[in-house]
Amino acid sequence: MGVAELAAAIAGKKTSSVEAAQHLLARAKQHESLGAYLAVNEEATLAQARAADARLAAGERTPLLGVPVAHKDIFVTRDFATTAGSKMLQGYQSPFDATVVQRLAAQGVVTLGKLNCDEFAMGGSNENSAYAVAHNPWDASRVPGGSSGGTAVAVAARLLPAATGTDTGGSIRQPASFCGVTGIKPTYGRCSRYGMVAFASSLDQAGVMARSAADCAALLSAMAGPDIDRDSTSLDHPAEDYTALLGKPREGATATLPLKGLRIGLPREFFGEGCAPDVIAAVRTALAEYQKLGATLVDVSLPRTELSIPVYYIIAPAEASSNLSRFDGVKFGHRAAQYGDLIDMYKKSRSEGFGPEVQRRIMIGTYVLSHGYYDAYYLKAQQIRRLIAQDFQQAFTQCDLIAGPVAPTVAWTIGEKSNDPVANYLADIFTLPGSLAGLPGMSVPAGFGAGGMPVGLQLLGNHFQEGPLLQAAHAFQQATDWHTRTPTGF
Ligand code: GLN
């Protein structure tokens, strides 16, 4: 069952939160070889489920009461170890819950466990996890995407109704696309970063994956909202009820044309030769459906799309090198068993604790911030980042939403790109621009491409346009059934 269906079943006493949690824990165990989970704690989950059932018995009714979900292992949790997919944090037990986790728990959401991800969310295939290979449920020889790979696997394989993720440069949208599930990354600052293990603080944003836009709306309504006392970049913008919004027709809509008047911009840079023909074909078919629903398609341009790769791969490692300095074996993280002096202790601890991709980014980041290179790389990248954001504002004078592919190809084979960091970085080309501009974005299942693998349609909105994005995705899902397709064997 999806979120809404399961919530209704629990509220209607057809099942209980305990029963649902037990069932989903058993399913997680049965499909352990997918590598979706990094931590479970049955006792803690069942205690939370019993508490939800008690709230229900006491007459409480909230839209998510008793619904079990799991969290990307980037969110710190009191009841479950948090590793961020890194040996550096093996066995780390947080004394508190991340704001996102806490807000969902306040609504009666039950935590099933922690989900696999690339180490410190650095990656786009989940192959940088220090713990487990994650497999795409549509084809176990392929990657699920990343860094929120475990989240996408768990939702796609129906191990749970929904799960949280984080997106710094595409880590919700791309795995959602690769695994055929719906994902939303809100406006930067919309969900609190408090308790999210930091990667690149000016880009990191929490979000959610589920089967449908409606289910994403239900979760996001509970997660989003200001947390200004604990996150200095949290936006002081009131929480919204996205579920209620989906129930209301858009202004100007008719029964047969629910998206009448909606202008969807197609950036010509997203449809060029850098994108595989099977992906373009699926995206174009989805866009034709949008036209049937009343939307009009307009050509727009995001001329600095290509620059988003070098810009992101300067800014994100720069911020990472600073954020990860706290993992020194003293303040946080693994400490080497044997060492000479203090410097040797730092060196050994960090060399043992961090995997190769994280070490690479720390080195790049340290380099671009160093005296003499700061102006040439970091400052330049910040200036181009501003221009990329301006390009979007220019495009949004011609359209309400922007659409295109999420990634240039469908999910690749495990191992195919693992020795080629640049090949991995290039695959982020369509998600990075929106991230650098701080915009909300979605991936909506839109069909299948090469090898029968899922293809997602990316929708991007202007700041705070989560509502219209979800509305556009929801209307599409009312008219199509791509989001209901389930991989064989699940
Ligand atoms: N793939 C990108 C990277 O490797 C994005 C990761 C993310 O969004 N967390 O940095």
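Numbering of ligands and ligand atoms starts at 1, following listing order. Quick note: residue numbers are just sequence positions, from 1. It should be emphasised that the depicted structure is a prediction, and the values quoted were computed from it without experimental measurement.
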- Message: Looking at Glu273, I want to see if its CD is surrounded by more than 12 non-hydrogen atoms of other residues, nucleotides or ligands under 6.0 Å.
- Response: no

- Task: Would you indicate whether Tyr131, at its atom OH, is surrounded by more than 12 heavy atoms from other residues, nucleotides or ligands within a distance under 6.0 Å?
- Result: yes

Report each N/O pair between ligand 1 and the protein that falls under 3.5 Å, naming both atoms.
{"from": "ligand 1", "atom 1": "1 (N)", "to": "Gly123", "atom 2": "O", "distance (Å)": "3.0"}
{"from": "ligand 1", "atom 1": "1 (N)", "to": "Asp428", "atom 2": "OD1", "distance (Å)": "3.4"}
{"from": "ligand 1", "atom 1": "1 (N)", "to": "Asp428", "atom 2": "OD2", "distance (Å)": "3.0"}
{"from": "ligand 1", "atom 1": "4 (O)", "to": "Gly123", "atom 2": "N", "distance (Å)": "2.9"}
{"from": "ligand 1", "atom 1": "4 (O)", "to": "Tyr313", "atom 2": "OH", "distance (Å)": "3.2"}
{"from": "ligand 1", "atom 1": "4 (O)", "to": "Arg361", "atom 2": "NH1", "distance (Å)": "3.4"}
{"from": "ligand 1", "atom 1": "4 (O)", "to": "Arg361", "atom 2": "NH2", "distance (Å)": "2.7"}
{"from": "ligand 1", "atom 1": "8 (O)", "to": "Thr168", "atom 2": "N", "distance (Å)": "2.8"}
{"from": "ligand 1", "atom 1": "8 (O)", "to": "Gly169", "atom 2": "N", "distance (Å)": "2.6"}
{"from": "ligand 1", "atom 1": "8 (O)", "to": "Gly170", "atom 2": "N", "distance (Å)": "3.3"}
{"from": "ligand 1", "atom 1": "8 (O)", "to": "Ser171", "atom 2": "N", "distance (Å)": "3.1"}
{"from": "ligand 1", "atom 1": "8 (O)", "to": "Ser171", "atom 2": "OG", "distance (Å)": "2.6"}
{"from": "ligand 1", "atom 1": "9 (N)", "to": "Ala121", "atom 2": "O", "distance (Å)": "2.7"}
{"from": "ligand 1", "atom 1": "9 (N)", "to": "Ser147", "atom 2": "OG", "distance (Å)": "3.3"}
{"from": "ligand 1", "atom 1": "9 (N)", "to": "Ser171", "atom 2": "OG", "distance (Å)": "2.7"}
{"from": "ligand 1", "atom 1": "10 (O)", "to": "Tyr312", "atom 2": "OH", "distance (Å)": "2.6"}
{"from": "ligand 1", "atom 1": "10 (O)", "to": "Arg361", "atom 2": "NH1", "distance (Å)": "2.8"}

- Partners of Asp167 by side chain to side chain donor-acceptor pair (under 3.5 Å), sequence neighbours excluded? Arg173

- dist Ser435:OG -> Asp428:CG (nearest 0.5 Å) comes out at 8.5 Å

- Task: Taking the side chain as every heavy atom from C-beta outward, state whether Met223 and Arg103 have any pair of such atoms under 4.5 Å apart.
- Result: no

- Message: For Lys331, is there an ion pair with Asp328 - N to carboxylate O distance below 4.0 angstrom?
- Response: yes

